Amino acid sequence: MVEELLAAGIAAGVGVVVYLGAAARVVKQYERGVVFRLGRLRMGVRGPGLTTIVPFVDRLKKVNLQIVTMPVPAQEGITRDNVTVRVDAVVYFKVVDAANAIIAVEDYRFAVSQMAQTSLRSIIGKSDLDDLLSNREMLNQGLELMIDSPAVGWGVQIDRVEIKDVSLPETMKRSMARQAEADRERRARVINADAELQASKKLAEAAEVMSDQPAALQLRLLQTVVAVAAEKNSTLVLPFPVELLRFLERATPSDPAQPPGPPAAAAPPAAAPPAPAAPDTVPPALPAVNGSAPALPAQDPTAGRPPA
């Protein structure tokens, strides 16, 4: 009798253990359990922890409440300004109502994926190329609104939608590169012209100061010589400005022996010397030679006559 009772107790214990093993379920912290009894939804969602169901009668489905990161395959479309592009995106969503996520839609992940693809195509057709490249924040908000509207009835909340990449044809890339290059060249020319204008104004001011103080030009020339000589060059080409020559010409006197002063008055021209007079007197007699009479010089018979 005792043995029979002991065997029955053991059998009952084993049955209880088997029953508890079949009825016990563990729901994780990030999950929620939805129970169906004979195909009908039981009211209330099972929270995290240990829970039990009726074996062979109830069925427990677990729903993950974590944020799901789903990549959207690249979609090819034509923008509003007739440019063919390929755009891919990524969707972040989570389940907020576990019962609706199981009952309202067959596979909420697949449904969200298909809705994201169709919404992305619609956004491409309504947008310009410049908006896809530079104004993505507004497009992300519009895409999120388009996906979130039907997903609310599925117990799914769209947390964020981001356009990940925009692929352009090679011809369009080259055209955009040429446009950007031309724009940058235009800006560089404007900047260079502005720099030249500012430099010319500063040079004009410097020239005005140097014209008032000619010694400043010489000091600037000496500074240039020092700057060039610091490079340890074997040949030194020294420009000699014309203004320095003019300064030296004004500073140096014309005659180094006399101090600079007012020029002397010009002397009157000297009178012409008088013409020699004709000889009217007889030259003195020459002494006699050997006791004879002195000889007189021969006279020219034409002397003293006026010219014919």
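Note that this is a predicted model, so its numbers are computed, not measured.
Residue I103 places its CD1 atom among more than 12 non-hydrogen atoms of other residues, nucleotides or ligands, all under 6.0 Å distant. By the neighbour-count criterion of 12 heavy atoms within 6.0 Å, atom CD of E208 is sparsely surrounded, having that number or fewer from other residues, nucleotides or ligands. The local environment of CD in Q223 is crowded, with over 12 non-hydrogen atoms from other residues, nucleotides or ligands closer than 6.0 Å. The local environment of NZ in K61 is sparse, with at most 12 non-hydrogen atoms from other residues, nucleotides or ligands closer than 6.0 Å.
Shown here for L139 and D131, the closest heavy-atom pair between the two residues is CD1-O, 3.5 Å. Closest approach of G153 to A104, counting heavy atoms only: O-CB, 3.6 Å. The shortest non-hydrogen separation linking A116 to V91 is CB-CG2, 3.8 Å.
Within the structure, the salt bridge (Lys or Arg N to Asp or Glu O under 4.0 Å) test picks out no pair touching residues 134-153 (sequence neighbours left out).
Salt bridge E185/R189: present, at least one basic N to carboxylate O contact under 4.0 Å.
Cluster annotation: Y30 and I102 are assigned to distinct hydrophobic clusters (Ile/Leu/Val/Met/Phe/Trp/Tyr, side-chain heavy-atom contacts under 4.5 Å, transitive). A continuous path of hydrophobic side-chain contacts links L120 to V166 [ILVMFWY only; heavy atoms under 4.5 Å].
The line from CG of D128 to CG of N135 is 10.5 Å long, rounded to the nearest 0.5 Å.
A donor-acceptor contact shorter than 3.5 Å links the side chain of D88 to the backbone of D165. Not one N or O on the side chain of R59 forms a donor-acceptor pair closer than 3.5 Å with the backbone of F56.
A donor and an acceptor atom, one from each side chain of N140 and E162, are located under 3.5 Å apart. In this structure, a donor-acceptor pair under 3.5 Å is absent between the side chains of T51 and R25.
Partners of R187 according to the side chain to side chain donor-acceptor pair (under 3.5 Å) rule, which considers only residues two or more places apart in sequence or in another chain, do not exist here.
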